Amino acid sequence: MASSTPPTLTTSKPYQNHHIQGIQNHHRRTANGHNPHHPSPKVSLHPPPPKTSTANKPPVPATAAPYRNPNFAPLSASKSELAADFSGRRSTRFVSKMHFGRPKANGSSKHSVVAEDALHQLIRCSGDDRLIDSVLLGFQSKLCGSDDYNFLFRELGNRNESSMAIQCFEFAVTRERRRTEQGKLASSMISVLGRLGKVELAKKVFETAVSEGYGNTVYAYSALISAYAKSGLCDEAIKVFDTMKLANLKPNLVTYNALIDACGKGGADFKRASDIFDDMLNNGFQPDRITYNSLLAVCSGGGLWETAMNLFNEMSYRGIDPDIYTYNTLLDVASSGGHMDSAFRIMAEMPTKNIMPNEVTYSTVIRGCARSGRLDQALSLVNEMKYAGIRLDRVSYNNLLAIYASLGRFEEALNVVKEMESTGFRKDVVTYNALLDGFGKQGRYDKVKDLFKRMKTEKVPANLLTYSTLISVYLKGGLYQEATEMYKEFKQEGLKADVVFYSEIIDSLCKKGFVESSALLLDEMTRKGIQPNVVTYNSIINAFGQSTDTGFTVENEQEIKCLPSVIPEGDADKKLDNRDEDRIIKVFEQLAAGKLSIVEKASKGRKEIICVLGVFRKMHELEIKPNVVTFSAILNACSRCSSFEEASLLLEELRLFDNQVYGVAHGLLMGYRENVWVHALSLFDEVKRMDSSTASAFYNALTDMLWHFGQKRGAQLVVLEGKRRQVWENTWSDSCLDLHLMSSGAARAMVHAWLLNICSIVYEGHELPSLLSILTGWGKHSKVVGDCALKRAIEALLSGMGSPFRVATTNIGRFISPGAMVAAWMRESTSIPNLLILQDDRAYPETPRLNHPHLQPLSL
DNA sequence: ATAGGGTTAG
């Protein structure tokens, strides 16, 4: 396929990033691979045949077992890497997920009773180094070897006495003569520190051990790798691994497993993990269950559902039985990617394999349900869980109350809190943050203030998240005074802002229309050494053209410049240094004082595009990789442009970021549909690998943009392709059309196609169902300003055609008409089909050379 | 050496 690339797709790029290489690589592979392209993009107005999914069935091994079964999707498949790259999962996720000090599951500790004695005596002399040494001296002869010391290190660590643990370690290691025993002590100490998240201390112990001559063991290296893994420091773990090879030590299975684990916890691309896996195979190691479980965890971070399924199948092919970890991790991949039907199927399969779902299983799937809006299912799972005799733990409770709180169902949320407390769990910071967020989003500022006070009286310390939640709640509510107070308190507490903190403030300001102030903070965070990420940028790009009541001016124009790169570097630096200011405070105080006010609309548009282009420039400078959300945002921004010229400035950004996406968007926009359709299809293949809301958002953005600029037929083709791929998970039947997940452009294109289909039923002399209905919901998925109420757009469309559809009295998001009336309307006028058939404003004849046989014109 | 929780874009 696609060997002759049209010129639009080969334009050179300002910088080659992995993403673009990923796409190219991917295409090379799939072109020869086992996963042939969609056979025919022939457009039909009829619903596609039900998708026959093979993803869930284990492939049948072709012949006698090869070393690696070629039937399985290659582990090093670049498509996985691409999907991970493209989907824009948050990179900070794993750090926030860590919980250190989780007690070890296997309770078979090999320590002696004496060790427990020693522990208690040691704890009593906390803080007195000499006393500690004398206690240790007293026990020296009675403690038996590394098992006892391991116990001491771990227990002291769990009691927040890691410096005492290290003292014990030093005591033991200096009195130990045997190298191997010293080595064991060191590995044990390293892994204890690692588990506590004290990776720097672990590293120190390791380095000392190496220089003293007892640390050069595969165990010490593996322990350090694992320590980095637990802190999500994948790069560091890999560095240790490389050093290990240089030191002529052979990694073992545990080393490899720890390294793969590091990839998962560090949010690395799947490619990295699979390279390690390949290296492992090449060195003659057979992967075990933990290897696969760790690989599955990498999929979870990258949202790689297909890859996870392949791995799961590959496991059974190798005869490795899944365990509860396998299932829970697999469920995590499914649930976090929105594949809830698969999640339920897998969960139902567990008991048949004699693996019973536990509280982790349930909370994983419940969370997935909640995220994909399946509230009823989430709640019935909670009941199922209770019925099965699985007690809710802290995570489950917090999970559940967060679901209620986020829906504004506070009574139920508070009931969960009560139940949680009656079970013996006190409210923790997670509980409070969820409640604050929930009440805040509903504008219940009285409750927010109340809760925050309660938090203090109950001595639950507020953390970074608490403050960032509060600040953005107040900003979005226009309570600038309160936002300022919270920010001041946050600084007083000595908490450090991070990228998420800034991003949230930036987003809140954007949502209030203060795009330029946001750009200012973007500038400041960079200077303070906090790297903005793609989410930060996407917030600002999304804000482009979103009109709000509030514009932006400053009393002193010189004071604020939104285009950091335009200011000569030196000047800008000097400005900041001279004042040593905190711009957040400055912006907040201006807001509170009402000094940021409305600006003339015409000049606002111009200012904004300059500002956003400056933001793009900085994104390039920092080499921040855009993701599909960025692309959707750019396309949505195009839809908000009033002129083609303005839109092309934005499209140019798309081109600089990604030629394939640009090629498709631009090609369809310009009417080169026939030439780019093959590329469009392969782009849609990529998009379909993402979670469903990401995928539908992209389709929505692309169709809105095409529709906005008059390429209605192109928009329709995209929509039909999306429908074929079940992007919107919606129904299309002869009696009902469900548009509720679609943007207004996509929905309108869809309505045309659907009515045309109805028309053909009528013209063929068949009877229509007695009632036809079109569901719109509330149209929150369209980003086109002034066009954003899907319902209104559809209403206008339907009435404009003189159709008999009317809003249902029982459901304002639904248009209905008796089938007979629709049939009468269609028969009445011969011009209906012409009304329904969409045309592109710009269309070019097909280039004969690229005339693909499957690109036939749409026919009735 | 392996599993679930709270924060940012859509």
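Quick caveat, the model's predicted, so the values are computed rather than measured. Every chain is numbered from 1 and lettered A, B, ... according to where its sequence line falls, protein lines coming before strand lines. Just so it is clear, the values below take in all heavy atoms, side chains as well, and ignore hydrogens, waters and symmetry mates.
- Distances shorter than 4.0 Å separate some side-chain N or O of Lys511(A) from OP1 or OP2 on dG10(B).
- The nearest whole Å value for the distance from the NZ atom in Lys441(A) to the C1' atom in dT8(B) is 10 Å.
- Following rounding to the nearest Å, Tyr325(A) (OH) and dA3(B) (C1') show an atom-to-atom distance of 6 Å.
- Between Arg371(A) atom CZ and dT8(B) atom P there is a gap of 11 Å when expressed in whole angstrom units.
- In this structure, the side chains of Leu435(A) and Leu414(A) come closer than 4.5 Å at one or more pairs of heavy atoms.
- Of the candidates dA3(B), dG10(B), dG4(B), the closest approach to any side-chain atom of Thr329(A) belongs to dA3(B).
- Here the side chain of Val535(A) is nearest to one of dG10(B), dT2(B), dT8(B), namely dT8(B).
- Tyr327(A) pairs with exactly one of Tyr362(A), Tyr292(A), Phe312(A) by the ring pair (Phe, Tyr, Trp, His ring centres under 6.0 Å) rule, that one being Phe312(A).
- Between the side chain of Asn636(A) and the base of dG10(B), no donor-acceptor pair of N or O atoms lies under 3.5 Å.
- Applying the 4.0 Å criterion to OP1 and OP2 of dT2(B), one finds that Lys230(A) has a side-chain N or O inside that range.
- Between Leu281(A) and Phe277(A), the closest side-chain pair of non-hydrogen atoms falls below 4.5 Å.
- Counting non-hydrogen atoms of neighbouring residues, nucleotides and ligands closer than 6.0 angstrom, the NZ atom of Lys427(A) exceeds 12 such neighbours.
- Atom P of nucleotide dA3(B) and atom CZ of Phe312(A) are separated by 17 Å, given to the nearest angstrom.
- Residue-to-nucleotide contacts include no donor-acceptor pair under 3.5 Å from the side chain of Ser632(A) to the base of dG10(B).
- Separation of atoms CG (Asn252(A)) and CG (Asn257(A)) is listed at 8.5 Å; rounding is to 0.5 Å.
- Comparing atom distances between the Val360(A) side chain and each of dA3(B), dG10(B), dA1(B) picks out dA3(B) as nearest.
- For a distance-only test at 3.5 Å, the side chain of Asn358(A) qualifies as a donor-acceptor partner of the base of dA3(B).
- Ser396(A) comes within contact range of at least one nucleobase, with a heavy-atom separation under 4.0 Å.
- Rounded to whole Å, atom C1' of dG6(B) lies 16 Å from atom CZ of Phe501(A).
- In terms of polar N and O atoms assigned as donor or acceptor, the side chain of Ser294(A) never comes within less than 3.5 Å of the base of dT2(B) in a complementary pairing.
- Side-chain atoms of Ile290(A) lie closest to dA1(B) of the nucleotides dA3(B), dG4(B), dA1(B).
- Relative to the side chain of Asp332(A), the nucleotides dT7(B), dG4(B), dA9(B) differ in distance, and dG4(B) lies closest.
- Between Arg394(A) and the phosphate of dG6(B), there is no side-chain N or O to OP1/OP2 separation shorter than 4.0 Å.
- Between Lys265(A) and dA3(B) there is a side-chain polar atom (N or O) within less than 4.0 angstrom of OP1 or OP2.
- In this structure, Tyr256(A) has its ring center under 6.0 Å from that of Phe241(A).
- Asp437(A) comes within 4.0 angstrom of no nucleic acid atom, judged by non-hydrogen atoms across all strands.
- For Asn463(A), taking side-chain heavy atoms from C-beta onward, the closest of the listed nucleotides dG6(B), dT2(B), dG10(B) is dG6(B).
- Below the 3.5 angstrom threshold, one finds no donor paired with an acceptor across the side chain of Thr364(A) and the base of dG4(B).
- Rounded to an integer number of Å, the gap from Asn627(A) CG to dA9(B) P is 13 Å.
- The base of dG4(B) does not come close enough to the side chain of Ser335(A) for any donor and acceptor atom to sit less than 3.5 Å apart.
- Counting all heavy atoms, side chain and backbone alike, Ala343(A) lies closest to Leu331(A) at O-CD2, 3.3 Å.
- With rounding to whole Å, Tyr397(A) atom OH is found 16 Å from dG4(B) atom C1'.
- Candidate nucleotides dA1(B), dA9(B), dT7(B) were compared by shortest atom distance to the side chain of Ser191(A), and dA1(B) ranks first.
- Using a 4.0 Å heavy-atom distance criterion, Thr469(A) is classed as making no nucleic acid contact.
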